[in-house]
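Some notes on the structure that comes next.
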Amino acid sequence: MTFRSARIGTREARPSFAAAAEVHLDAVYRYLLLMTRNDATAQDLTSETFEKALRAWRRFDPRRASARTWLCQIARNTALDHFRGEERRRRREEHYAAEPGEAAEPQLPGPLSAALRAGLAALSAAEREVIALRVLLELDGDATARLLGISRTACSTRLSRALQKLEEKVGDDVHA
Amino acid sequence: MSTPEIDERFDDLVRELRTIPGAPDELRARVRALGERQPEHPRRPRVGRLVLVVACLALLGVAGIAAVYGLVTSGGSSTQEKAAGTVAGSGGAIRGEPNRVPRVHAAAKRPPKATFAPTTTVTLSAEGAAVNPATLPPTQARLQQYGATMLLRVKGVNGLSRTTARAMRITRSLGGFVASVDYGTPNRKSGESYLTVRIPNARVQQAVVRFSSLGVILSQQISIRDLQDEANHEAVQIIRLQREIDRLVAKLRGSLSPEERVQTQSQLDAARAALRARTEQHAGTLRRGRLATFRLELTTRKGAVVPVHHGKQGRIGRAASHAFGLLAKIVAGGIYTLIVLTPVLVIALLLLVASRLLRRRGAERLLARA
């Protein structure tokens, strides 16, 4: 893996797009997978994210944010666009159909227990998002808070509540 | 296992969550293919740098325009100044603006030539600033009516009294006379004095110099009216009338019928009356051409400030002054525009902040529902 430095000298080393994509692809995919809980959707959104990132790569400034945070921001916006589109589609279907069709339950790939899958399904996208950023991507509190546009305290509280809720859901499912 | 800030009781949960797999090979291949493409657009300069460059260029442009404006409006070479000082040919009048004082000085140094306008007026005035005396002299070869009005500032009521008396003495010493004096001090601190004096034309230059020394000149107006043509015309008419009278007298000496005699006598009386009137008019014209009229206004008003020596300013100085004047106007215009636009900009900023806030809240709600 080669890291080309676009600027040498006083500026920070700036990786090439290819290098950044190679390093952060898994993180972006896992983030989007946890948010959407759908492998196909996550793959599409990941592709879209990297296409957008390639177009905007000249604007990436490593002094302002790490490549991972920058890519996650693009992924978040892409996911939000997706959710907005989904909501519009759902409303349209509700408006025209007497009984909306039962949407297929999204499936998370991987060796996750059924209880955890059910627990994650019970969480909102916002809760899954903070878990993805803090637990899967291991972003620090500040970066996560900046990405979500909330304070660091609010970010910690949201993470704590989300994990607590997930724990309870998983526990309930196991007991059941 | 757990990252800082994540409670240890969630360790099992965290461990299991981290088993979520990475990107499948198919996706990795797609993204790698993307990475092999070069960015489509060439690198553009940063907005901040672009704004800085544009601002610098704009500043340079404004400075350049100001410099060119200053050079263009500062007047040309000394030849141009002399040309401006020459009295215009026919019917024209020179009127010196406050910022054209150096041109008037050029006129003062170089007396007008033999071409004359019926009336030539030079006005020197400056708001709150003193002006230098303009000694535009009458031409001795021609009959001219010379008039000068001077506004002078003197110090205090005592100074006003002394200066008024001194002006009268100067008038007499120059062979002239005081036509009128109006002296008034409404209070102990201020007063004004108006003098109208007549000075022989031959002593006009001395009069201007000596009256100028009475105080600080606040404004000055000199008018020269050429009377030569008028006097010549009157003289020709007088000669014609004289000849007509001689002819009529000779006719009366001859043999005439009573009716013709009465008629000729009547014509002779009319011609003599016309001759008298014309002679008086000619005498008046000559008198006006001999004596210049000076109207002096002496005041103690403190509106004036330290004299500004425009005459000593060179072309570079004038150019710099004009350029700075234009720059000041541009800056004032910019500040005015900013003041006018500030409310609009503030509203636009508030709308932008509000829209971002709404968008963020909308995203929060959307994610909470999803």
Side-chain angles (χ1 to χ4, degrees), chain A residues 6 16-22 25-30 33-36 39 42-43 46-47 50-51 53-55 57-58 76 79-80 83-84 86-87 108-113 116 119-120 124-127 129 131-132 134-136 138 140-141 148-150 156 159-160 163-164 166-167 170, chain B residues 1-51 352-370:
Chain A
S16 69
F17 173 77
E22 190 70 39
L25 172 62
D26 284 337
V28 171
Y29 168 74
R30 291 168 90 193
L33 182 64
L34 205 57
M35 273 187 88
T36 58
D39 183 38
Q43 287 194 37
T46 304
S47 283
F50 279 97
E51 278 178 21
L54 176 65
R55 284 199 295 273
W57 186 245
R58 63 176 176 275
R76 186 173 198 259
L80 282 171
F83 285 130
R84 284 190 194 103
E86 282 293 299
E87 192 167 72
L108 276 170
L112 295 180
S113 65
L116 185 57
L120 285 170
S124 70
E127 288 163 335
E129 181 184 29
I131 291 173
R134 294 287 281 118
V135 176
L136 290 187
E138 298 181 51
D140 61 34
L148 299 179
I150 56 177
S156 293
L159 174 66
S160 182
L163 286 172
Q164 183 67 43
L166 186 61
E167 177 93 339
V170 170
Chain B
M1 186 72 192
S2 64
T3 54
E5 296 177 41
I6 298 177
D7 201 317
E8 287 180 0
R9 64 197 162 102
F10 300 123
D11 274 359
D12 291 341
L13 209 55
V14 167
R15 201 177 294 114
E16 193 175 355
L17 280 168
R18 284 180 178 161
T19 60
I20 290 176
D25 291 341
E26 187 196 347
L27 176 62
R28 193 172 296 278
R30 262 192 283 166
V31 173
R32 272 184 188 151
L34 268 179
E36 285 166 8
R37 275 162 46 189
Q38 288 300 312
E40 291 165 7
H41 304 290
R43 188 176 173 80
R44 287 186 302 191
R46 288 174 190 281
V47 176
R49 194 171 294 171
L50 202 66
V51 168
L352 187 72
V353 170
S355 72
R356 290 187 72 167
L357 204 66
L358 285 173
R359 192 176 168 79
R360 185 173 291 173
R361 285 193 179 167
E364 288 289 322
R365 281 199 297 272
L366 184 68
L367 288 176
R369 282 197 303 271

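Quick note on labels: first sequence line is chain A, next is B, and so on, each numbered from 1.
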Contact summary for [X] and [Y], nearest pair of heavy atoms:
{"X": "B/Phe10", "Y": "A/Ser160", "result": "CZ-O, 4.3 Å"}
{"X": "B/Glu364", "Y": "A/Leu148", "result": "OE2-O, 3.8 Å"}
{"X": "A/Arg84", "Y": "B/Ala363", "result": "NH2-CB, 4.3 Å"}
{"X": "B/Leu366", "Y": "A/Phe83", "result": "CD2-CB, 3.7 Å"}
{"X": "A/Ala126", "Y": "B/Ala368", "result": "CB-N, 4.2 Å"}
{"X": "B/Ala23", "Y": "A/Asp26", "result": "N-OD1, 2.8 Å"}

Atom pair [atom1] ([X]) and [atom2] ([Y]), whose distance is rounded to the nearest 0.5 Å:
{"X": "B/Arg30", "Y": "A/Phe50", "atom1": "CZ", "atom2": "CZ", "result": "12.0 Å"}
{"X": "A/Ser124", "Y": "B/Arg365", "atom1": "OG", "atom2": "CZ", "result": "14.0 Å"}
{"X": "A/Leu33", "Y": "B/Ile20", "atom1": "CG", "atom2": "CD1", "result": "6.0 Å"}

Exercise. Taking B/Glu16 for the side chain and A/Ser113 for the main chain, is one N or O donor matched with an acceptor at less than 3.5 Å?
Worked result: yes
For this session: Give a yes or no answer on whether the side chain of A/Arg30 reaches the backbone of B/Arg18 with a donor-acceptor pair at less than 3.5 Å.
Result: yes
At a 4.5 Å cut-off on heavy atoms, which part of [X] comes close to chain B: side chain, backbone, both, or neither?
{"X": "A/Gln164", "result": "both"}
{"X": "A/Glu87", "result": "side chain"}
{"X": "A/Glu127", "result": "neither"}

For this session: Take B/Arg359 and A/Leu80, measure what side-chain contact (heavy atoms from CB on, under 4.5 Å) needs, and give me the verdict at the end.
Result: CA-CA 11 Å; B/Arg359 192 176 168 79; A/Leu80 282 171; over 6 Å; no
Problem set entry | Student check: side-chain heavy atoms of A/Met35 and B/Leu367 closer than 4.5 Å | yes
Exercise. Is it the backbone or the side chain of B/Leu17 that comes under 4.5 Å from a heavy atom of chain A, or both, or neither?
Worked result: both
